[in-house]
Number of protein chains: 2
Amino acid sequence: MNQPLRMTKQRRLILEELLKNKSHPSADEVYRLVRARLPNISLGTVYRNLELLSESGLIGKLELSGVAKRFDGTVEEHYHVRCVQCGQVRDVEVAPLPEIHVAVQDASGYEIFAHRLEFRGLCPQCRKRRGIGGIEPDAAQSLSDEMGSASTRSSR
Amino acid sequence: MNQPLRMTKQRRLILEELLKNKSHPSADEVYRLVRARLPNISLGTVYRNLELLSESGLIGKLELSGVAKRFDGTVEEHYHVRCVQCGQVRDVEVAPLPEIHVAVQDASGYEIFAHRLEFRGLCPQCRKRRGIGGIEPDAAQSLSDEMGSASTRSSR
DNA sequence: CTACCACTTAGTAGTAGTTACTATTATCAA
DNA sequence: TTGATAATAGTAACTACTACTAAGTGGTAG
């Protein structure tokens, strides 16, 4: 489709950092990680390469709920959870649900190509810390406001 | 919880436009709509009121996949489809799936509060137009790149 | 009806994340 | 080794949004 990417020092380092990092860093986080090894790399280079690498299928790109894009060393399909406390994004080991496309297609008249499913909650570490430390009591409330909360209420 | 909002001309117009508009406009789109009726309204006013109105539960706020926030005249829970061609966001009439929280909770150790499910495809109008007009042939391809495509492929 | 004042506004400046541009440099096929 | 072309560093610009401030207004108490 498009010619192979030249493997520059910058591109290789970006790819390396993404493959060894399981936490789906944002472009800025990748920038900081790579700059530790190549101090004068340009932020623009990081952005351009993340884009090119995800176009060529070497990495995955996540666009989650209104905040900075994040990038993913593993390309296979999966869903994500974000911790509302520490902000970390992690993969969820749960079976995908492609059959739902048919239901949506019938209900909406759209031709459905893809879907994204994203969870929000507290990660194990923050759950522990919550018992001792201080998390604001209505985190769940404000969180479901923010997400439109397709979860508990069932009226329509 | 908090005192009732003063019903100013600006606030009323913003609310009116949202209630009669089914397409989940972005803040900027609301700005344009309201400005047609009140030409010197400030963009900041639109942003602040969308925030206040959604806080007070009069409208809903959507934060979809990396782009501008969108606002919603209907407050009840539902999922959304976005057309990859024209960008319109619409509601999907499909039953919510709260049971999945348990599965994710067991699999990840997270305490799950909420989830968001979002579809991408071609709306009925654009499906028709595609037959006649010219849509780039690999729209579905680039789209699934963009969404991480938790859809067709099933390896892991 | 009038006066008050906290809430709200218009206008503008500032911010974060991202993209675009340009002159210089590096990759890699021949 | 060389040369076309892709990629880079650095910077400017852009978009979506938030913060700030002086002036204006809605709604209540008198």
Side-chain angles (χ1 to χ4, degrees), chain A residues 1-18 24-56 58-59 61-71 82 87 89 142 145-146, chain B residues 1-17 24-56 58-59 61-72 82 87 89 142 145-146:
Chain A
M1 188 178 262
N2 33 9
Q3 72 278 39
L5 297 172
R6 286 188 184 170
M7 195 43 67
T8 63
K9 193 167 41 188
Q10 292 83 343
R11 188 162 291 157
R12 186 167 39 74
L13 288 176
I14 290 169
L15 193 50
E16 277 178 27
E17 288 300 332
L18 263 170
H24 311 309
S26 66
D28 200 68
E29 284 162 356
V30 173
Y31 177 51
R32 279 198 280 273
L33 287 169
V34 175
R35 207 165 36 162
R37 301 170 63 187
L38 188 69
N40 69 334
I41 192 173
S42 165
L43 180 57
T45 298
V46 173
Y47 272 103
R48 186 167 24 74
N49 277 303
L50 289 172
E51 213 54 49
L52 288 170
L53 288 168
S54 77
E55 268 171 31
S56 73
L58 286 169
I59 63 172
K61 176 166 65 168
L62 284 65
E63 292 187 11
L64 305 175
S65 51
V67 297
K69 281 173 205 155
R70 289 173 170 268
F71 295 85
R82 179 188 326 220
V89 176
S142 66
D145 284 357
E146 201 184 309
Chain B
M1 188 181 260
N2 33 9
Q3 73 277 41
L5 297 174
R6 285 190 186 169
M7 196 43 67
T8 64
K9 194 168 39 187
Q10 294 81 343
R11 189 163 290 158
R12 187 167 39 75
L13 288 176
I14 289 168
L15 192 50
E16 276 179 27
E17 288 299 332
H24 312 311
S26 65
D28 200 67
E29 284 161 357
V30 174
Y31 177 50
R32 279 197 280 274
L33 287 169
V34 176
R35 206 166 37 162
R37 302 171 62 186
L38 189 69
N40 69 334
I41 193 173
S42 165
L43 180 59
T45 299
V46 173
Y47 272 104
R48 187 168 23 74
N49 276 303
L50 289 172
E51 213 55 48
L52 287 169
L53 289 169
S54 79
E55 268 172 31
S56 73
L58 286 169
I59 63 171
K61 177 165 64 167
L62 285 65
E63 292 187 9
L64 306 174
S65 51
V67 296
K69 281 174 204 154
R70 288 172 171 269
F71 295 85
D72 193 332
R82 179 189 325 221
V89 177
S142 66
D145 285 357
E146 201 183 306

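- Taking OH of Y31(B) as the reference point, atom CG of L38(B) lies at 10.5 Å (rounded to 0.5 Å).
- Remark: R48(A) is not in phosphate contact with dA7(D), judged by side-chain N or O atoms under 4.0 Å from OP1 or OP2.
- Comparing dT19(C), dA16(D), dT8(D) by their closest approach to the side chain of Y47(A) singles out dT19(C).
- Rounded to the nearest 0.5 Å, atoms CG (L58(A)) and CG (L5(A)) are 7.0 Å apart.
- Between the P atom of dT8(C) and the CZ atom of R12(B) lies a distance of 15 Å, rounded to the nearest Å.
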Dump the pairs, protein N or O against N or O of nucleotides 24-27 of chain C, anything under 3.5 Å, distances to one decimal.
unit_1: dT27(C); atom_1: O2; unit_2: R6(A); atom_2: NH1; d: 3.0
unit_1: dT27(C); atom_1: O2; unit_2: R6(A); atom_2: NH2; d: 3.2

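- Annotation: proximity of residues 27-45 of chain B to DNA chain C (heavy atom, distance under 4.0 Å) is found for N40(B), I41(B), S42(B), T45(B), numbered in ascending order.
- In this structure the side chain of R11(B) reaches within 4.5 angstrom of the side chain of L52(B), judged on heavy atoms.
- Minimum heavy-atom separation, R37(A) to E16(A): NH2-OE1, 2.9 Å.
- Nucleotides of DNA chain D nearest to N49(A) and E51(B) differ in position, and the one nearer the 5' end is that of N49(A).
- Scanning both residues, H24(A) and E29(A), for their nearest heavy atoms gives O-OE1, 4.4 Å.
- Between dT18(D), dA7(D), dT8(C), one nucleotide has an atom nearer to the side chain of L5(B) than all others, and that is dT8(C).
- Residue Q10(B) places at least one side-chain N or O under 4.0 Å from the OP1 or OP2 atom of dA10(C).
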